[in-house]
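So the structure is just underneath, and the comments pick up after that.
Quick caveat, the model's predicted, so the values are computed rather than measured. Every number for a ligand or one of its atoms is a count from 1 in the order of the listing. Atoms considered below: every heavy atom in the structure, side chains included; atoms not considered: hydrogens, waters and symmetry mates.
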Amino acid sequence: MDARSKPLLRALSGEPVWPPPFWLMRQAGRYLPEYRRVRAEVPDFVALCTDPARAAEVTLQPLRRYGMDAAILFSDILMVPWALKRDLRFAEGEGPLLAPLRTMAEVEALDVGGVAAAAPVFETVARLAEALPREHPGAALIGFAGGCWTVACYMVEGRGGGEFAAARRMAHAEPGLFAALMERLEQATIRYLAAQAKAGAEALMIFDSWAGLLSPQGFRRWVIGPTARIRAALKELVPEVPVIGFPRLSGPLIAEYARETGVEAVAMDTGLDPAWARDAVPPWVALQGNLDPMALVAGGEGMMREVEAILGALRGRPFVFNLGHGVVPPTPPEHVAALAARLRQG
Ligand code: CP3
């Protein structure tokens with residue numbers, strides 16, 4: 001299929017495609033037995049993300065079952081700090097653990113050119129770009145990075161699972177230090193995303209999962225600012241590739257984000273009312289989202305009522321069906337099949 005006729009890319013270019021293209025955040029993962037089998041062979045999660053053959057394999061697993069309109073690169077937003085040589089490991093049941101970054105000396109030691117160390121991730125993208133046209137010709141390949149704010153939260157704090165008090169405090173109390181970190185992350189993220197596009201990613205997504213922790217002022221400075229500069233730089237480097245932004249939990253500020261950053265689409269989190277977003281977000285910016293991941297766990301009529309409400313609100317608008325956050329491990333795979341069948345009817 002000609003790349004531009006892929007439903008996801010048409011929707012991202014502003015066309016109201018119906019039935020809407022769909023894919024799911026965290027569509028590859030522990031809810032799938034075939035993922036758990038690969039994971040058992042590679043107990044170290046970073047090792048899986050840097051194993052192009054296995055990472056490409058798990059990327060494709062959900063498409064084989066459900067025929068999504070997009071494959072999202074299997075990797076993690078914390079591969080940027082990893083490439084910049086910050087210690088990273090994923091502890092069972094604890095999520096990511098990093099060496100906490102607290103000083104200007106540590107910021108100055110970050111070499112933005114070091115993202116080249118993420119070469120295995122770019123190799124995974126290249127393998128997928130080669131395999132997709134043969135195996136899933138209508139599906140588009142999405143590359144991604146974390147938003148600089150969200151990645152900085154993990155780097156400063158050294159872990160997730162809390163409210164990122166150390167990172168938020170640093171942004172207020174040591175703005176020079178925090179800005180220096182953010183500038184390096186911005187440069188590294190531009191290179192990291194451009195390299196994925198050059199390896200064959202057809203769309204790019206920026207996950208700013210913790211955008212909602214900021215005040216409106218902080219949101220403008222640490223989320224809208226860096227995202228707008230990253231979007232502009234990518235326009236120069238890889239002009240054809242659309243960007244989806246996900247300023248999670250930003251509430252009505254998502255409309256300002258959509259206007260100011262230049263992204264082609266915004267992903268709505270579960271709490272956002274799609275009927276509000278339809279009118280508040282500029283019509284040239286596509287919307288993505290936003291089924292509650294817990295509705296997918298529940299399945300049945302409860303899930304279908306939520307799906308109908310979203311479809312009803314966004315029919316006729318450039319739209320990509322997705323969840324409001326990632327698929328969670330207890331999700332029954334057959335509920336995803338039921339969702340896919342409903343979405344195909346439009
Ligand atoms: O969406 C996909 O299928 C592509 C792969 C992907 C992963 N992480 C794989 C992963 C993507 C796009 C991400 C993004 C990511 N990673 C975000 C932004 C999106 C979001 O969920 O808010 C964040 C904040 C992270 C950081 C991260 N990675 C955390 C907090 C955790 C632990 C939580 C958990 O679910 O265990 C991870 C680990 C991780 N990343 C897993 C997967 C499949 C689980 C690891 C495992 O298999 O044990």
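- Under a hydrophobic-cluster definition in which Ile, Leu, Val, Met, Phe, Trp and Tyr are linked whenever side-chain heavy atoms come within less than 4.5 Å, directly or via other members, Leu339 and Val328 are assigned to different clusters.
- Between Phe207 and Phe144, the ring planes are perpendicular. Angles over 60° get that label, and only those under 30° would be called parallel.
- Considering only non-hydrogen atoms, atom 25 (C) of ligand 1 lies nearest to Ile77 out of Ile77, Leu32, Val327, Leu73.
- Note: an N/O pair closer than 3.5 Å links Ser209 and ligand 1 by distance alone.
- Looking at Phe207, Trp210, Phe90, Tyr154 and measuring to atom 38 (C) of ligand 1, the nearest heavy atom belongs to Phe90.
- Given atom 46 (C) of ligand 1, the protein heavy atom at minimum distance is Arg39 NE, 3.1 Å.
- In terms of polar-atom proximity, defined here as any N/O pair under 3.5 Å, Trp23 makes no such contact with ligand 1.
- At a cut-off of 3.5 Å, with distance as the only test, no side-chain donor of Trp284 or Glu264 sits close to an acceptor on the other residue.
- Of the listed options Phe74, Tyr31, Phe45, Phe144, Phe45 places a heavy atom closest to atom 45 (C) of ligand 1.
- For atom 5 (C) of ligand 1, the nearest protein heavy atom (residue, atom name, distance) is Ser75 O, 3.5 Å.
- Phe22 and Phe319 have their aromatic ring centers separated by at least 6.0 angstrom.
- Of all the heavy atoms of Arg30, the ones lying under 4.0 Å from any atom of ligand 1 belong exclusively to the side chain.
- Residues passing the ring pair (Phe, Tyr, Trp, His ring centres under 6.0 Å) test with Tyr192 are Phe122, sequence neighbours excluded.
- Under 4.0 angstrom from ligand 1, there are no non-hydrogen atoms of Leu48.
- You'll find the ring centres of Phe164 and Tyr154 inside the 6.0 Å limit.
- No part of Pro329 comes within 4.0 Å of ligand 1, judged by heavy-atom distances.
- At least one heavy atom of Pro96 sits under 4.0 Å from some atom of ligand 1.
- The ligand atoms of ligand 1 that sit less than 4.0 angstrom from a heavy atom of Ile72 are 1 (O), 2 (C), 3 (O), 4 (C).
- The protein atom (non-hydrogen) at minimum distance from atom 26 (C) of ligand 1 is Asp76 OD2, 3.6 Å.
- Asn290 and Thr270 share no donor-acceptor pair across their side chains, judged by distance under 3.5 Å alone.
- Between Glu106 and Thr103, the side chains place a donor N or O and an acceptor N or O closer than 3.5 Å (distance only, hydrogens not considered).
- In this structure the side chain of Phe321 reaches within 4.5 angstrom of the side chain of Ile310, judged on heavy atoms.
- Within ligand 1, the atoms closer than 4.0 Å to a non-hydrogen atom of Tyr35 are 43 (C), 46 (C), 47 (O), numbered from 1 in the order shown.
- The proximity of His325 to ligand 1, defined as any non-hydrogen pair under 4.0 Å, is limited to the side chain.
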Worksheet entry | Pair Trp149-Phe178, ring pair (Phe, Tyr, Trp, His ring centres under 6.0 Å): steps then yes or no | CA-CA 10 Å; Trp149 162 253; Phe178 194 72; 5.7 Å; yes
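- Looking at atom 13 (C) of ligand 1, its nearest protein heavy atom turns out to be Arg26 NE, 3.7 Å.
- Residue Phe246 does not touch ligand 1, judged by heavy-atom distances below 4.0 Å.
- A distance below 6.0 Å separates the ring centres of Phe90 and Phe45.
- Heavy atoms of Gly326 stay at 4.0 angstrom or farther from ligand 1.
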